[in-house]
Trainee: 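I'd like to ask you about the structure that follows.
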Amino acid sequence: MEESGRLNIVDYFPMLRPLDPQGVRRRMMGYMKKGFAIIDEMIDRSVLVKGSSRESPVENDYLDALLDPSSGLTREKVKSLIWVFSI
């Protein structure tokens, strides 16, 4: 959150955007990759637990509802939704 609220010179001089003189874009991309990796682990763990517990019914939570094939959401869309709602 600190990085996204930090003053960025490219907001005032858009022509510098491709250069990323302060490295804000590079750092934000790194944070986003880490965040999406955590979300991937959550999804993998949920799929693994749901697949391994066939004999005992597991309560559906928010992630299970999103991952349900009838929802029509892809894994990438689910990751994006979780990312947006976690902020």
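Heavy atoms only: backbone and side chains are in, while hydrogens, waters and symmetry mates are out.
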Trainee: Heavy-atom count check: over 12 atoms from other residues, nucleotides or ligands less than 6.0 Å from Y62 OH?
Mentor: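 Yes, enclosed.
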Trainee: Is there side-chain contact between V78 and L63, with at least one heavy-atom pair below 4.5 Å?
Mentor: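 They are in contact (side-chain heavy atoms under 4.5 Å apart), so the answer is yes.
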Trainee: Would a single hydrophobic cluster contain both M32 and V24, if residues Ile, Leu, Val, Met, Phe, Trp and Tyr are joined by side-chain heavy-atom contacts under 4.5 Å?
Mentor: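 Per the 4.5 Å side-chain linkage, V24 and M32 are not co-clustered.
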Trainee: Just to verify, which of I43, D61, L81 counts as forming a side-chain contact (heavy atoms from CB on, under 4.5 Å) with L66?
Mentor: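 When I43, D61, L81 are each tested with L66, the side-chain contact (heavy atoms from CB on, under 4.5 Å) holds only for L81.
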Trainee: Establish whether W83 and L67 are linked, either directly or via other cluster members, by ILVMFWY side-chain heavy-atom contacts under 4.5 Å.
Mentor: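 W83 clusters together with L67.
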Trainee: Could you tell me if the side chain of R25 sits less than 4.5 Å from the side chain of N8, heavy atoms only?
Mentor: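 They are not in side-chain contact.
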Trainee: Rounded to the nearest 0.5 Å, what separates atom CE in M42 from atom OG in S46?
Mentor: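 Between M42 CE and S46 OG, I get 8.5 Å after rounding to 0.5 Å.
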Trainee: Could you tell me the separation between the NZ atom of K33 and the CG atom of D40, rounded to the nearest 0.5 Å?
Mentor: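 Rounded to the nearest 0.5 Å, the NZ-CG separation comes out at 13.0 Å.
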Trainee: To check you understand the geometry: which heavy-atom pair defines the closest contact between F36 and K79, and what is its length?
Mentor: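 Heavy-atom minimum between the residues: CE2-O, 3.7 Å.
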Trainee: Testing the basics here: between Q22 and R27, what is the closest heavy-atom pair and its distance to 0.1 Å?
Mentor: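 Scanning both residues completely, I find the closest heavy atoms to be O-NH1, 3.1 Å.
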Trainee: Output the distance between atom CD1 (I39) and atom CZ (R75), rounded to the nearest 0.5 Å.
Mentor: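 Between I39 CD1 and R75 CZ, I get 10.5 Å after rounding to 0.5 Å.
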Trainee: Between atom CG of L7 and atom CG of D11, what is the distance when rounded to the nearest 0.5 Å?
Mentor: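 Interatomic distance, L7 CG to D11 CG, rounded to 0.5 Å: 7.5 Å.
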Trainee: What distance separates L19 CG from I9 CD1, expressed to the nearest 0.5 Å?
Mentor: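 Result: 11.0 Å between the selected atoms.
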Trainee: Does F85 share a hydrophobic cluster with L73, counting links as ILVMFWY side-chain heavy atoms below 4.5 Å and allowing steps through other members?
Mentor: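 Linked, F85 and L73 end up in one cluster.
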Trainee: If I compare all heavy atoms of A65 with all of S71, which pair ends up nearest, and what's the gap?
Mentor: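 Closest pair (atom of A65, atom of S71, distance): O-CB, 3.8 Å.
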